[in-house]
Chemist: 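The structure under discussion is supplied below as structure tokens; questions concerning it will follow.
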Amino acid sequence: LYYWMRLTRSLEERLVNLYRQTKVVGGLFRSLGQEADAVGSAFALDRTSGDILSPLIRNLGSMLVQGAQPLEIIRQYMAKGDSPTRGRELNIHFGDTVRGFVGQISHLGDMVPVMAGVTLSFKMRGEKRVGLVYVGDGATSTGAFHEGINFAAVQRCPLVVIVENNGYAYSTPNSKQSAVKEFKDKAMAYGIPGIRADGNDVLATFDVTRDAVDRARRGEGVTLIELMTYRRKGHAEHDNQSYVPAGEIDKWEKQNDPIDRYARVLLEELQVEKKELDAIDARVSAEIDQATDLAEQSPAAEPTDALVGVYADPAVVEPLWYRAGVRSAVEKNERAAGWGTFNG
Amino acid sequence: LYYWMRLTRSLEERLVNLYRQTKVVGGLFRSLGQEADAVGSAFALDRTSGDILSPLIRNLGSMLVQGAQPLEIIRQYMAKGDSPTRGRELNIHFGDTVRGFVGQISHLGDMVPVMAGVTLSFKMRGEKRVGLVYVGDGATSTGAFHEGINFAAVQRCPLVVIVENNGYAYSTPNSKQSAVKEFKDKAMAYGIPGIRADGNDVLATFDVTRDAVDRARRGEGVTLIELMTYRRKGHAEHDNQSYVPAGEIDKWEKQNDPIDRYARVLLEELQVEKKELDAIDARVSAEIDQATDLAEQSPAAEPTDALVGVYADPAVVEPLWYRAGVRSAVEKNERAAGWGTFNG
Amino acid sequence: MAEITYLEAIREALFEEMERDANVFCMGEDIGAYGGAFKVTEGLITKYGEQRVIDTPISEAGFVGAAAGASHMGMRPVVEMQFIDFISCAYDMLTNYIATARYRAFLPCPLVIRGPSGGYVRGGPFHSQNPEAAFLHTPGLKIVYPATASDAKGLLKAAIRDDDPVLFFEHKYLYRRIKEEMPQGDHVVPIGKARIAREGTDVSIITYAATVWKALEAAEQLQKEDGLSVEVLDLRTLLPMDDEAIVATVKKTNRVLIVHEDTRTGGVAGEIAARINEHAFEWLDAPILRVTAADVPLPFAPPLEDYVLPQVADIVSVARRLAAY
Amino acid sequence: MAEITYLEAIREALFEEMERDANVFCMGEDIGAYGGAFKVTEGLITKYGEQRVIDTPISEAGFVGAAAGASHMGMRPVVEMQFIDFISCAYDMLTNYIATARYRAFLPCPLVIRGPSGGYVRGGPFHSQNPEAAFLHTPGLKIVYPATASDAKGLLKAAIRDDDPVLFFEHKYLYRRIKEEMPQGDHVVPIGKARIAREGTDVSIITYAATVWKALEAAEQLQKEDGLSVEVLDLRTLLPMDDEAIVATVKKTNRVLIVHEDTRTGGVAGEIAARINEHAFEWLDAPILRVTAADVPLPFAPPLEDYVLPQVADIVSVARRLAAY
Ligand SMILES: Cc1ncc(C[n+]2csc(CCOP(=O)(O)OP(=O)(O)O)c2C)c(N)n1
Ligand SMILES: Cc1ncc(C[n+]2csc(CCOP(=O)(O)OP(=O)(O)O)c2C)c(N)n1
Ligand SMILES: [Mg+2]
Ligand SMILES: [Mg+2]
């Protein structure tokens, strides 16, 4: 667990460096301070049973646990031709149902019905597999969330729904998102259990998720888990968080950093030696360095690849008749339009 | 109250006659056995304050309370040119914001956000008006319901949401609609009070709605009320209700008819004399007879009126260039396609 | 074999495909015990049970999304919209999630969305829609809209077997109005191929769905009254569009009338006109003309609906002008 | 007066209209204290307060529906989509409820939906969409998509004052790339009128939004390199379409190239082609041609996006062919 959390954080820090070097195309999204909720919950799935999760933008950690590689992540962020989506989609928007994570789309809430269907198929086929879908506090307001979770609840699909309550949806605080005091109460609307846990405690997160996963695997249906955490960075790198009350971020950083907390547990309660953690840190660094080097050498996307794979049949869309060949109007390392910080 | 309930029932019975005579265009929707929930709740609004309600297909009674005329209803069902929508919309799909009811569309759930906005305007302008929106048990599954009620709850709009739990959505029983035991619990997902009441008891319905309306008027926000009732007829006239367990309808008819129940209260508890009720029945009959006669004489819709009023500007859409004049390919009293009983 | 209706042909296709492939299952509102608002799925639940014939909550985005998820895992869901008008509630799911799944995430999405569409039945503005134009500009989707009973059967079977998401629009005016004997055996009609519904040499009418029948009636009248030989091309599939068939008929008659029931502006006719311009401009002896619905929400009262929708007389009069051009 | 950007022009329109009419208010995600994802609404909340600048939950159908309800009561809501791509979540509300409200229920619906649209900014498939074609076939809506800063301001003011629902698409590529001095006073540009962005006599390019600038660049190049005189017509409003202006340019140059950034099939070009056929076929000396995006979801990586979207070179090469036809 410590490894995955550290990997998540360090990998994102590396991406920040690359972003500053304008090597990242598009925005950069951080999960700083939320690593425990992503990693702890994903860890509760069974990777040998074919369990599948659907990550959101702050679930890099969950994807890594399921087997996503740092190299893939960096290539994605650099829009490389050999990235998992071959440059079609941004950042961590990619998936692999074999390893057990589905490629998300931007439209919030949509993955809930999709995962209802994924887990419906498990049920229909009598497979003992479980699905897990993440939504933010903000995404609970979408109609798709509502329709998907209700459908799954009625069908008793083997699905766990995790609401990551990190206090904000972009700049919008929870008080403007919903009049509920606790998001776990949303479960009441679907006749399913709703549980709240400390998302910055990786072990608590693991435990509560594991219970829900077991329950799902036993055929007892959907559980909603609210994990309490905090988004210490802006919505994306460009966001200066001016809307956050002074001191709030600091307080979470100092008193409630999930990695610090888990390290303390390891060192103080579980008698792990400091050097073991240092060794993990070193391993993480080395892995990321290596991935970065490889990713930098990756080729750019191939223009005509844009025409491939819209349909199974026809496999390739015909090129526009007036396109003699392939053009590349792109300057190297062009900085893409940062949303909100666009200075074209 | 007795008058409105009786009027609702008798008017629908008249419409059934007209339907059998193929004078009704389109389907016919009944609220038999649900008159109390519609009438009692609407009665709780204040017609002098400019309160507004949004009816659904089973809320003929609510509309009558707000001032809709039997003549308008019959003309609508007969698709007459002088009906409130001039033949553009079906059955009770029409509105009048002055009298205080909004024209619904077929897409279930959509009226909830709309009424959130209607009541938001009351709040923004400091008007002491209240809105009331009806949804069925089935419509609670829509994303629009979720998004609208959540928005209204956050904004503390002066809105009352009534879930008419009549056991079915078309043929779908509640157990396939939601895993909740009580729809009132859906309120928990929005941080608002949820109350359940006997929708076949017109006085109980009135009381519980009046409380919620007062609360809204005091600026305390949204209330969700679940009214327990039962749809004794099919979804529409063509539906033979084969999916209903034997005896269920009978039981509700014999033991829990809202008009019988209220008549008993009036006669036994409130010492109203039987002949007073008979006088109301007679008045209702006379009104409906008169309305029917008038409606029968109403002209058909005027074809070129179809081009008027899509936009404020331009007020009239240009006719298709190849249309020399107006054509009327319609045979008199043609039976429209009954859904599900279509025999072209 | 006996003749069966368009509606029965669709039902037959469902039975045959569910029988053939255990991954095929149906979802929708009231499709189980009730058999669907139009009784298309009648009997399916008796044969295949609640597991494969699922009554859903009123949640079009929810169950369309669920169909997508199931299809990623190898299932082949067939989703009924009670009326196709409600597909608008799943618009985001269809255009953003489903249409792009293969392209952006290499996720297979073999599913069919089907449902009663179209007007001429006094359904009013929310039970009469023709939604094809709303989806025509979404790469990743296929759109089918058959006009005959055998095409309905054969194309639905093809749609269910197709590895891409297919929107399958059924014209409710045709449900019980037309009958046909089904071809023997495993009758599959390929997606993407138009059909010449009537051969002719003077004017081409390009159309699909219910207006194929209006066009045929007009063609008959024009033959009789004017001695005109009208060709009627039934597109059957709108996406991908059969350019070859379109160009062939244009080259044959040099005069084109496009007819559709949907509103005029932004309807499918525009796309067809653009393609003819690109591929066969030199063969045009007259402007491409359109007979369509007027640009208003479809009203309910018979005189209004009749006035707004395209009628045989419209087709006749415009075809005459084209022939005389 | 100083020059201001397209984005600032939009902001200015919002300030002026909120000042002018107390019924105007704004809703959307993060538009208050944060000032919106692109900072379009920056400063509004300071001046007009939380009551008139409302941060909403993530519920596009919810707050678009709420805007409709408020507009029935005489308010004039201006709703921001954080990215216009999310308008798909309100598709049902817009096409079924809002577009028909006046027609079926005589309910006024004066509201504006606005938001950052379009590509060329490495936004990927869900932050680059051009949604105009999805709404073009919905009578009851108006669609505006300005290309210049002064049009952005003047048309937004017109949209807010319009008694019908207006979809106001802002091209995010233009937000900070173009600058202009605003006309003095209460600058209102009428909805429904196109604008000649460049006069010419040999070939007409009909376009709108960001590709107006691509067309102008191409025109310049064609003038220099080929001595061709190219007219560029900026439609500005797509619904209702300015037939008069379209026909006028066709009659002038007899050669038409339609350019749009949206995908090809089912895009707005089809409708324009059909209208030209109907109104000005005899004046065409060459086929109407289209330069558009390829029919794929818009990919993210720069080489892919550049390959899919229309570029100046495409316009130049097709215009040359047209001129030589
Ligand atoms: C349907 C939809 N509307 C708007 C957006 C724009 N958007 C992207 S992220 C975001 C905030 C998400 O907040 P939350 O769900 O709490 O997730 P968090 O970022 O806090 O993890 C918004 C509004 C979107 N992606 N989808
Ligand atoms: C979004 C949407 N989907 C489907 C329908 C078709 N439909 C019309 S009424 C109905 C059942 C409604 O049930 P409920 O909400 O319980 O209301 P009731 O008829 O019982 O009063 C359905 C599915 C619809 N009108 N809107
Ligand atoms: Mg959040
Ligand atoms: Mg019901």
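The chains referred to below are lettered A, B, ... by the order of the sequence lines, with proteins before strands, and numbering in each begins at 1.
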Chemist: Sequence neighbours excluded, which residues qualify as side-chain hydrogen bond (donor to acceptor under 3.5 Å, both in side chains) partners of A:N166?
Modeler: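 With neighbours one apart ignored, the set is A:Q34.
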Chemist: Mind ranking A:A153, A:G221, A:S178, A:G194 by heavy-atom pairs under 4.5 Å with chain B and telling me who comes out on top?
Modeler: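 Option with the greatest count: A:S178.
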Chemist: Of all the residues in residues 120-142 of chain B, which have a heavy atom that comes within less than 4.5 Å of a heavy atom in chain A?
Modeler: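 At a heavy-atom separation under 4.5 Å, chain A is reached by B:T140, B:S141, B:T142.
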Chemist: Side chain, backbone, both or neither: which part of A:F145 has an atom under 4.5 Å from a heavy atom of chain B?
Modeler: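 Contact with chain B involves the side chain of A:F145 alone.
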Chemist: Distance from B:K186 atom NZ to A:K186 atom NZ, nearest 0.5 Å?
Modeler: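 Output value for this atom pair is 11.5 Å.
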Chemist: How many angstroms lie between atom NE2 of A:H146 and atom NE2 of B:H146, to the nearest 0.5 angstrom?
Modeler: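 The NE2 atom of B:H146 is 6.5 Å from NE2 of A:H146, to the nearest 0.5 Å.
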Chemist: If I measure from the heavy atoms of chain B, does A:E182 come under 4.5 Å with its side chain, its backbone, both, or neither?
Modeler: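 For A:E182, neither part sits under 4.5 Å from chain B.
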Chemist: Distance-only, no hydrogens or angles: does the A:N150 side chain make a donor-acceptor pair with backbone N or O of B:Q177 under 3.5 Å?
Modeler: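 Present.
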